[in-house]
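The residues of the chain are indexed from 1 along the displayed sequence. Both counts, for ligands and for their atoms, begin at 1 and track the order of listing. FYI, side chains are in, hydrogens and waters are out, and symmetry mates aren't considered; it's all heavy atoms of this structure. What you are looking at is a predicted structure, and each value in this text was computed from that prediction instead of being measured.
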Amino acid sequence: MKRIGFIGLGIMGEPMAVNLLNAGYELSVYNRTRAKAEELVKKGANRCDFPADVARQSEVVFTMLTADTAVEEVVFGNRGILEGASAGLIVIDCSTISPNTSQKIYEALGKIGVDMLDAPVTGSKPQATEGNLTFMVGGKKEVYETCLPLFETMGKAAYYMGESGAGSYTKLANNTMGAINLLSLVEGMMIATKAGVDPELFVKVVSGGGARSGMTDNKSPKIINRDFQPDFATALMYKDMKLATQLAEQLNIPVPVLSTVKQLLQMATANGYGFEDVSSVVKCYEEWADIVVQKR
Ligand code: NAP
């Protein structure tokens, strides 16, 4: 496999595509907002005007898009992947979407002999840039195995989770924990700061004990340094919590903590922090407590 396509050059997609290009793959790219493809084109990628063209020119096409509607539009829409695809193509969707949508696309593409993997990722912008993502993959095992070198180019690990949709199931369960961990960090930092403790010192203590999480590592520096540039936008985490809640309902599992966390992310989005990093949810708490968590 040499000819790879990449559709969706946002915060995650762009650095993932750069890593494929740097590894020597022939890359065809498409992004709805044309300007975002500039850097990749300068580095040697071939720009396509439509997703259908990416499908025509590639053996494997990756998609890394906002949400279900975006993926459906890119696959089924006018001049979408379906229009340009022929039997033997593999589509790998790395977006975080509903497992039902992953399965629907898998079925539709399967009818024309196109294989599809749902392969969402953990890790954010820094891990995408460093090639340190972790992929969780659903679909046919032999297709996953064929695509392993591509996952290894962009990530440090890839796990085969089961049939179509299994990657998306795993991702929603994972992000449920991520969002809860974030809110636990925020509430801990708020209590410590309002009580007069230095937030930086507080995080040092937390990092040595059982309350530590990936969110402590990744988001506490952003909060303390007041850097709310998005590595992962609040609106996207809110979207994931809506999907996780729907999944829990489908599975008939009560999820009271997830439900509260979803509402907190909804509040942050309604307050205007949707396009900021998800760590900006701290600003809601800061308004309530009339204190700012920052470097001393
Ligand atoms: P992002 O920066 O907002 O990028 C989204 C991409 O989707 C952009 O290229 C955007 O194109 C494209 N897009 C949206 N709607 C479209 C449509 N209708 N047709 C065609 N293209 C469309 O988001 P991101 O942070 O890279 O996240 C991408 C996916 O990965 C999401 O599902 C997210 O939940 C998941 N994810 C994100 C992270 C993270 O830390 N950021 C981590 C793991 C998973 P335009 O440029 O034209 O807007």
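Those atoms of ligand 1 with a heavy atom of Leu9 less than 4.0 angstrom away are 9 (O). Using a 4.0 Å cut-off to heavy atoms of Glu73, the atoms of ligand 1 that qualify are 18 (N). Shown in contact with Gly8 at under 4.0 Å from a heavy atom are these atoms of ligand 1, numbered in order with element: 9 (O). The Ser95 neighbourhood of ligand 1 comprises atoms 32 (O), with distances under 4.0 Å to a heavy atom of that residue.
Residue contacts with ligand 1, taken as heavy atom pairs separated by less than 4.0 Å, involve Met12 via backbone and side-chain atoms alike. Of all the heavy atoms of Arg32, the ones lying under 4.0 Å from any atom of ligand 1 are found in both the backbone and the side chain. Using a 4.0 Å cut-off between heavy atoms, Val74 contacts ligand 1 through its side chain alone, with no backbone atom that close.
Considering backbone and side-chain N/O atoms, Cys94 never comes within less than 3.5 Å of an N/O atom of ligand 1. Among the atoms of Ala70, none of the N or O lies under 3.5 angstrom from an N or O of ligand 1. No N or O atom of Val121 sits closer than 3.5 Å to an N or O atom of ligand 1. Residue Tyr30 has no nitrogen or oxygen atom sitting less than 3.5 Å from a nitrogen or oxygen atom of ligand 1, judged on distance alone.
Note on Glu163 versus Lys140: no salt bridge recorded, every NZ/NE/NH1/NH2 to OD/OE distance being 4.0 Å or above.
At least one heavy atom of Gly123 sits closer than 4.0 Å to an atom of ligand 1. Residue contacts with ligand 1 leave out Glu14, since none of its heavy atoms falls under 4.0 Å from the ligand.
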Which is it for Val114 and Ile90 under the side-chain contact (heavy atoms from CB on, under 4.5 Å) test, yes or no, and what are the steps along the way?
CA-CA 6 Å; Val114 172; Ile90 299 172; over 6 Å; no

CA sep, side-chain torsions, deciding dist, call: Glu59, Arg3, salt bridge (Lys or Arg N to Asp or Glu O under 4.0 Å):
CA-CA 5 Å; Glu59 293 157 273; Arg3 289 176 293 115; 3.8 Å; yes

Working note: Gln229 + Asp277, criterion side-chain contact (heavy atoms from CB on, under 4.5 Å); need CA distance, chi angles, decisive distance, verdict.
CA-CA 6 Å; Gln229 284 291 319; Asp277 191 74; over 6 Å; no

Would you sort out whether Glu38 and Arg47 count as a salt bridge (Lys or Arg N to Asp or Glu O under 4.0 Å), showing the intermediate values?
CA-CA 9 Å; Glu38 281 316 325; Arg47 187 209 305 271; 3.1 Å; yes

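A donor-acceptor distance shorter than 3.5 angstrom exists from the side chain of Ser213 to the backbone of Met215, with no hydrogens or angles considered. Side-chain atoms of Lys194 come within 3.5 Å of backbone N or O of Ala289 as a donor-acceptor pair.
The protein heavy atom nearest to atom 28 (C) of ligand 1 is Leu65 O, 3.8 Å. The shortest contact between atom 40 (O) of ligand 1 and any protein heavy atom is with Ser124 OG, 2.5 Å. Ranking protein heavy atoms by distance to atom 4 (O) of ligand 1, first place goes to Gly10 CA, 3.5 Å. What sits closest to atom 30 (O) of ligand 1 on the protein, heavy atoms only, is Met64 CE, 3.2 Å. The nearest protein atom to atom 47 (O) of ligand 1, hydrogens excluded, is given as Thr33 OG1, 2.5 Å; this is a heavy-atom distance. For atom 2 (O) of ligand 1, the nearest protein heavy atom (residue, atom name, distance) is Ile11 N, 2.8 Å. The protein non-hydrogen atom at the shortest distance from atom 35 (C) of ligand 1 is Thr96 OG1, 3.5 Å. The protein atom (non-hydrogen) at minimum distance from atom 11 (O) of ligand 1 is Asn31 OD1, 3.8 Å.
Of all the listed residues (Leu236, Thr66, Leu243), Leu236 holds the heavy atom that lies closest to atom 23 (O) of ligand 1. Of the options Lys239, Lys36, Glu72, the smallest heavy-atom separation from atom 46 (O) of ligand 1 is shown by Lys36.
In this structure, Lys171 forms no cation-pi arrangement with Tyr169, as its terminal cationic atom is not both closer than 6.0 Å to the ring centre and no more than 45° off the ring axis.
The salt bridge (Lys or Arg N to Asp or Glu O under 4.0 Å) test with Asp217 is passed by exactly one of Lys204, Lys222, Arg212: Arg212.
In this structure, Phe6 and Phe62 have parallel ring planes: the angle between them is below the 30° cut-off, well short of the 60° mark.
Between Asn19 and Thr153, the side chains place no donor N or O within less than 3.5 Å of an acceptor N or O (distance only, hydrogens not considered). For Thr269 and Thr234, the side-chain atoms include no donor-acceptor pair closer than 3.5 Å. A side-chain donor-acceptor contact under 3.5 Å links Asn46 and Ser28.
Every residue two or more places apart in sequence or in another chain that forms a side chain to side chain contact (heavy atoms under 4.5 Å, CB included) with Ala157 is listed here: Thr134, Tyr159.
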